[in-house]
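Order of the sequence lines sets the chain letters (A, B, ...), proteins ahead of strands, with each chain counted from 1.
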Amino acid sequence: MSATDILGFQHRLLSWAETQGRHDLPWQLNPTPYSVLVSEIMLQQTQVATVIPYFERWMTSFPTIDALAAAEEDHIMAHWQGLGYYSRARNLHKAARYVVEQCDGEFPSDLKGLECIPGVGRYTAGAVMSFAFDRYGPIVDGNVKRLFCRLFAIEGQLASSTVSKRLWSLAEQLTPATDQPLSNRRFAQSLLDMGATLCKPKSPDCTICPLANQCQALASNRVSELPTPKPKKTLPVKTAIFDWHLVDQEIFLVKRPADGIWGGLWCLPEYQQPLDQVAETKAIGRFRHTFSHYKLAAEVINMAQHRSEHQSGKWFALDTLATIGLPKPIKSFIEKHTAKAAD
DNA sequence: TACCCGTGGGG
DNA sequence: TCCCCAAGGGT
């Protein structure tokens, strides 16, 4: 694109966002590097409406990066419970300690420095640059990918290195330099707003799009075909057995290791063995759950002799479960099977 | 590169 | 019900 085309793009985009963009999201109110980081991590692969109440609670409980760095992991996980992708919460804790201990409490204000923070990749580094510092920080997220793939009629898998390089290259070119009159913060927000509310995955509003004139997908009637959809795969089904011990309104839970699914959360003890190899069991119930990459068919039983094998386990009073993090399906199962006690 | 990592909204 | 996919990062 010529320099004139780039300026035209930037001005049409920002002028549209001035009236049609989002200006009242909680993390737009008084952005600091810390609040921007928290919101960006929460927003990874998670919808805005879902994040808002989590963000509000988080900033109330952990208002500063020092408060977060000093917090207990269980307290942190309790605040993340239900958001999913729990490594984000653990990384955010690491990030706080990193900035406090390695950076003297001061956020790096350049892309390279930001990408050294645990859980911060190229997108998030650009977002912090733009939103927190109002400086040059190109961003390529799902919204930008969709918008650019249509504007420039880019075909091919989004995950491929060629498409990825092309998208980042475009973002670097189209993002205004730090010292230009255009605000980097407003530019980044406008890109996201355009992708999220106008250039939507399904039924985009091309008739009122200020960029329709230069949209190559629209010109060639390929808007619905771009970006190129991912090849779909059928999810494998895994089975799991969970052990149920409920005595005097207390339940026995085990803290899951950090690396696997539901890392860092408290859960019913899990067993992989076939059920018929376990003696003296009582059926409690079953549930199904779909993850991003597999389906889980779970059975919950009571195995009297197995509880003592879990040194890491602890008993929790049912009315204290809100103070720790539990996997959503486990929490739902416990609530369902202890509901009668509340009446 | 492709897989792992959650949950919920909306068509 | 099924499917896509959401302000991605780590490995």
Side-chain angles (χ1 to χ4, degrees), chain A residues 21-22 25-28 31 35-55 77 80-92 94-95 114-132 137-147 157-164 167-168 171 185 188-197 200-203 224 227-236 238 256-265 267 288-296 325-332:
Chain A
R22 297 169 291 186
L25 297 171
W27 42 89
Q28 293 177 296
S35 69
V36 169
L37 180 67
V38 171
S39 64
E40 289 303 331
I41 300 295
M42 286 188 172
L43 285 161
Q44 288 172 3
Q45 301 291 271
T46 311
Q47 294 184 357
V48 167
T50 303
V51 166
I52 289 176
Y54 283 89
F55 177 79
M77 299 313 287
W80 207 271
Q81 166 173 322
L83 258 190
Y85 289 141
Y86 297 95
S87 67
R88 294 183 294 173
R90 297 192 303 275
N91 278 338
L92 200 44
K94 288 182 195 168
L114 286 167
E115 285 191 57
C116 293
I117 299 175
V120 175
R122 194 171 177 181
Y123 163 80
T124 304
V128 173
M129 285 297 288
S130 296
F131 295 128
I139 53 171
V140 174
D141 76 326
N143 293 304
V144 178
K145 289 175 185 172
R146 184 170 55 254
L147 180 65
Q157 291 301 315
L158 293 178
S160 72
S161 65
T162 53
V163 171
S164 179
L167 292 168
W168 276 104
R185 179 181 291 141
Q189 187 62 52
S190 303
L191 268 185
L192 299 181
D193 290 345
M194 174 76 75
T197 69
K200 298 171 291 185
K202 296 168 188 171
S203 59
S224 63
T228 304
K230 273 191 279 193
K232 53 184 168 190
K233 304 169 184 174
T234 56
L235 298 181
K238 298 187 183 184
R256 296 181 67 93
D259 48 11
I261 195 83
W262 294 334
L265 299 185
C267 185
R288 301 180 68 84
H289 187 72
T290 301
F291 296 104
S292 51
H293 49 305
Y294 65 92
K295 295 181 179 181
L296 178 68
L326 281 74
K328 189 69 170 71
I330 299 294
K331 183 169 189 279
S332 300

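- The structure places CG of A/Asp193 at 8.5 Å from CG of A/Asn143, a figure rounded to the nearest 0.5 Å.
- Of the inter-residue distances, the one linking A/Leu326 atom CG with A/Arg256 atom CZ reads 11.0 Å to the nearest 0.5 angstrom.
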Under the side chain to side chain contact (heavy atoms under 4.5 Å, CB included) rule, what do A/Met42 and A/Leu83 come out as? Steps first, then yes or no, please. CA-CA 8 Å; A/Met42 286 188 172; A/Leu83 258 190; 4.0 Å; yes

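- In this structure, A/Ser161 reaches the B/dT1 phosphate: one of its side-chain N or O atoms is under 4.0 Å from OP1 or OP2.
- Across all strands, A/Trp80 comes closer than 4.0 Å to no nucleic acid atom at all (heavy-atom distances).
- B/dG6 and C/dT11: their P atoms are spaced 14 Å apart (whole Å).
- Among the heavy atoms of the strands, none lies under 4.0 Å from A/Ser39.
- With sequence neighbours excluded, the residues forming a side-chain hydrogen bond (donor to acceptor under 3.5 Å, both in side chains) with A/Ser160 are A/Thr162, listed by chain and number.
- Closest approach of A/Pro231 to A/Gln157, counting heavy atoms only: CD-OE1, 3.5 Å.
- Within the structure, salt bridge (Lys or Arg N to Asp or Glu O under 4.0 Å) contacts touching residues 35-51 of chain A (residues at least two apart or in different chains) do not occur.
- Nucleic acid contact for A/Leu235: none, since no nucleic acid atom lies under 4.0 Å from a heavy atom of the residue.
- Residue contacts for A/Lys230: at a heavy-atom cut-off of 4.0 Å it reaches no nucleic acid atom on any strand shown.
- Comparing the P positions of B/dC3 and C/dC4 gives a spacing of 16 Å, expressed to the nearest Å.
- For DNA chain C, the contact window with chain A, defined by any atom under 4.0 Å from a protein heavy atom, covers C/dC4 to C/dG10 in 5' to 3' order.
- Nucleotides C/dA7 and B/dG10 place their P atoms 13 Å apart, quoted to the nearest Å.
- In this structure, A/Val120 reaches the sugar-phosphate backbone alone: every heavy-atom distance under 4.0 Å involves primed, P, OP1 or OP2 atoms, never a base.
- A/Gln28 and A/Arg22 make their closest contact through NE2-O, 2.9 Å (heavy atoms, listed as atom of the first residue, atom of the second, distance).
- Looking at residues two or more places apart in sequence or on another chain, you find a salt bridge (Lys or Arg N to Asp or Glu O under 4.0 Å) between A/Lys200 and A/Asp205.
- If you check every strand for non-hydrogen atoms under 4.0 Å, A/Glu115 touches nothing.
- Using atom C1' as the reference point in both B/dC5 and C/dA6, the two lie 14 Å apart (nearest Å).
- Nucleic acid contact for A/Ala159: sugar-phosphate only, since backbone atoms but no base atoms lie under 4.0 Å from a heavy atom of the residue.
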With B for base contact, S for sugar-phosphate-only contact and - for none (protein heavy atoms under 4.0 Å), nucleotides 3-11 of chain B reads SSBBBBS--

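- Within the 4.0 angstrom heavy-atom criterion, only backbone atoms of the sugar-phosphate kind lie near A/Arg146; the bases stay farther away.
- Residues passing the ring pair (Phe, Tyr, Trp, His ring centres under 6.0 Å) test with A/Trp27 are A/Phe55, sequence neighbours excluded.
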